[in-house]
Amino acid sequence: MSKQTKAWGYGMLSVVLAGTVTLVGCSKDTGTSGGTAAPSTSTGSAQPAPKAEAPYELSWLKAQDISKPYDPAKDVVLQAVEKKLNVKIVPEMVDVQQYKTKLNLKMASGSIPDVVRIDFADDFQKYAQQGAFLDLTNLINEKDTPNILKEVPKEVFEQAKVNGKIYGIPYQGGPGAGYRWNLVFRKDFLDGMGAKAPKTLDEYYNLLKKVKAEKPDVIPLGGYTAQIGQQKYANNSFDHIFGAFGVTPGYFTQKDGTFGSYDIDPKMREALLYLQKMYGEGLIDKEFATIKEEQLRAKLYSGKLFSWMGWWSTANDYDTQVEMTELKKSGKLAADATLPSQADQPYKYLTLTDSLVGSDGKAVAPSGAPFSQMHAISAKTKDPKKVLAIIENSLSAENQMLSVWGIEGEDYKIDNGKMKVLTNDIIDQKTMQDKSGNFRGVQSYLFAPGLNGWPRYLESLPLRSSQALDVAIHNKYQITDASNYLDSPTKIAKLVELNTMRDSVFTQIIMGGDIKKFDEFVDKWKAQGGTQILKELEESFKKKSGK
């Protein structure tokens with residue numbers, strides 16, 4: 001295994017707070033309508049009520065933003081979780097920036113919390129092989145842990161294995177795992193041409209041709225460059241074109257234990273020729289390989305751009321900026337004026353859609369790694385099976401709502417089937433307390449939230465953000481990189497070099513270079529480390545699968 005630390009997937013939330021909840025079956029006295037206990041059939045005397053089970057005490061290393069005040073003794077949601085679910089959480093506060101250091105010290109001393117969050121693959125694999133975590137292989141199943149398996153599919157547990165065994169529960173983050181990009185169009189341009197957002201690559205191509213003919217001063221498809229050597233080519237600018245051919249730059253593939261790379265796939269050659277045709281016909285921005293995102297935004301705001309691939313969270317602000325530009329053009333808004341927040345209004349100037357499909361009706365959308373962290377149970381926990389049962393119960397639909405969003409009617413409400421978060425309206429943002437001096441807010445007392453993300457997360461967002469993220473994460477053509485969580489020293493050593501070569505060659509081809517450059521690239525990719533990477537990935541895959 002490489003000594004270089006590997007980060008998992010997306011960066012973690014600024015504050016990831018792990019907690020736990022559980023339901024304990026409490027017996028109720030049976031009685032008559034008058035409230036008298038029913039007599040025993042054998043002696044005629046009343047049976048004593050079963051003694052209530054004491055709350056299960058769990059130690060918790062809690063990552064906390066120490067720049068904001070917080071007192072767990074005054075956290076009303078924490079108290080509600082503990083009371084309702086018969087758990088006593090013992091938190092140890094640590095600044096989010098010091099979490100890894102603190103956790104490593106605890107691991108080294110053997111003073112491991114009952115449940116721990118691990119943020120780096122190398123750390124997790126190291127500690128698991130040292131025997132620090134409970135082996136969950138035979139404990140995770142449909143009968144005993146159905147809620148966990150709803151949050152984390154079996155195939156993801158397979159990816160998370162260490163030497164063929166399960167030592168932790170994968171976690172992604174608030175929104176859950178998924179794609180984060182949308183194909184975005186100027187809605188007003190579509191409406192003006194009497195057109196609709198396309199669903200297929202052919203429809204898209206014909207639409208861009210129409211834009212070129214009717215609006216010669218508008219760029220049909222814009223793009224911008226990533227930093228040289230980044231894994232994704234041109235920062236996802238042409239995901240929708242590559243995806244319609246069933247490929248995506250930078251991703252590895254796996255079938256029956258045999259690995260490949262989309263970078264050298266014959267279908268990538270076809271996609272590059274198609275992009276070359278589009279570029280030659282003036283459908284792609286001539287500056288796509290040199291400009292940065294802020295320059296693309298300037299073209300959009302000035303009305304010079306029709307479509308592009310956009311990160312989900314940018315559309316809201318982009319729509320507002322376009323509206324401001326149009327209002328200033330018409331004299332309806334002063335040159336130095338701004339608009340109030342449009343976040344809860346429908347999009348006015350933009351429309352978003354997901355992947356375009358190719359001639360075979362298929363597509364691929366390059367999603368990030370399925371999980372970014374792991375939650376593991378300490379092998380030294382006094383009752384590890386009990387802790388797993390607590391995690392399982394915490395993931396019921398009802399318990400997740402309490403653990404993440406708080407008390408219904410106080411922290412959130414359900415109105416006509418839609419959730420509205422109330423917390424921001426009732427707490428002082430400086431003290432983080434309500435009028436009664438209680439600490440509130442989204443804390444998330446789930447030890448292992450899984451991959452689906454916080455329940456009803458989209459409903460917690462403003463309208464525009466909710467719509468944009470909804471389109472992106474529910475793209476049905478998502479795929480993940482088959483090399484995720486596998487070890488390849490050569491990949492670590494050579495991938496930047498190979499990606500830089502790929503970016504240069506692909507750019508040259510799109511801009512009119514000889515397609516033979518692709519064939520030469522394939523040979524160089526294999527010779528300069530690619531073949532060895534595939535070999536190492538296959539070996540790591542076999543080892544992880546316990547074969």
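Heavy-atom basis, side chains included; hydrogens, waters and symmetry copies ignored. Position 1 is the first residue of the sequence; numbering continues from there.
- In terms of modelled atom types and a separation under 3.5 Å, the side chain of Asp263 and the main chain of Gly250 share a donor-acceptor contact.
- Put simply, the side chain of Leu333 does not reach to within 4.5 Å of the side chain of Glu326, judged on heavy atoms.
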Verdict with reasoning, Asp202 to Thr200, per side-chain hydrogen bond (donor to acceptor under 3.5 Å, both in side chains): CA-CA 5 Å; Asp202 286 344; Thr200 71; 5.5 Å; no

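- Relative to the ring axis of Tyr171, Arg117 does not place its NZ or CZ within 45° and under 6.0 Å from the centre.
- Looking at Thr490 and Gln532, their side chains never bring a donor and an acceptor atom within 3.5 Å of each other.
- Side chain of Asp354 to backbone of Val471: no donor-acceptor contact under 3.5 angstrom is found.
- A salt bridge links Asp123 with Lys100: at least one charged nitrogen is closer than 4.0 Å to a carboxylate oxygen.
- In this structure, the side chain to side chain contact (heavy atoms under 4.5 Å, CB included) partners of Thr325, at least two apart in sequence or on a different chain, are Tyr301, Lys329.
- For the atom pair CZ (Arg464) and CD (Gln345), the distance works out to 6.0 Å, reported to the nearest 0.5 Å.
- Aromatic ring orientation, Trp181 versus Trp311: perpendicular (interplanar angle above 60°, classes split at 30° and 60°).
- Side chain of Asn182 to backbone of Ala472: a donor-acceptor contact under 3.5 angstrom is found.
- Counting only distance, with no hydrogens or angles, the side chain of Tyr70 and the backbone of Met432 share no donor-acceptor pair below 3.5 Å.
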List the atom pairs, donor and acceptor, that lie under 3.5 Å between side-chain atoms in residues 208-217 and the rest of the protein, sequence neighbours left out.
from: Lys210; atom 1: NZ; to: Glu214; atom 2: OE2; distance (Å): 2.8
from: Asp217; atom 1: OD2; to: Lys304; atom 2: NZ; distance (Å): 3.4

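- Side chains of Ser465 and Asn316: a donor-acceptor N/O pair is absent below 3.5 angstrom, by distance only.
- If you take CD1 on Ile284 and CD1 on Ile219, they are separated by 11.5 Å, rounding to the nearest 0.5 Å.
- Checked by atom type and distance alone, the side chain of Glu497 never pairs as donor or acceptor with a backbone atom of Lys494 at under 3.5 Å.
- In this structure, Lys299 forms no cation-pi arrangement with Tyr224, as its terminal cationic atom is not both closer than 6.0 Å to the ring centre and no more than 45° off the ring axis.
- Ser504 contributes no side-chain N or O that, together with a main-chain N or O of Met501, makes up a donor-acceptor pair within less than 3.5 Å.
- Taking the six-membered ring for Trp and thresholds of 30 and 60 degrees, His240 and Tyr204 have ring planes more than 60 degrees apart, a perpendicular arrangement.
- Checked against a 6.0 Å centroid threshold, the rings of Tyr262 and Phe242 do not count as neighbours.
- The OG atom of Ser367 sits 7.0 Å away from atom CZ of Arg180, with the distance rounded to the nearest 0.5 Å.
- For Glu459 (side chain) and Met419 (main-chain N/O), a donor-acceptor pair under 3.5 Å exists by modelled atom type.
- For the pair Gln295 (side chain) and Lys292 (backbone), a donor-acceptor distance under 3.5 Å is present.
- Remark: side-chain polar atoms of Asp119 are not paired, donor with acceptor, to backbone N or O of Gln373 under 3.5 angstrom.
- Remark: the backbone N or O of Lys543 is not paired with any side-chain donor or acceptor of Lys161 at under 3.5 angstrom.
- The aromatic rings of Tyr457 and Trp405 sit tilted, their planes meeting at an angle between 30° and 60°.
- How far CG of Leu272 is from CZ of Phe521: 9.5 Å, rounded to the nearest 0.5 Å.
- A cation-pi arrangement, defined by a distance under 6.0 Å to the six-membered ring centre and an angle within 45 degrees of its axis, is absent between Lys544 and Phe541.
- Proximity of the aromatic rings of Tyr477 and Tyr179 is defined here by a centroid distance below 6.0 angstrom, and this criterion is not met.
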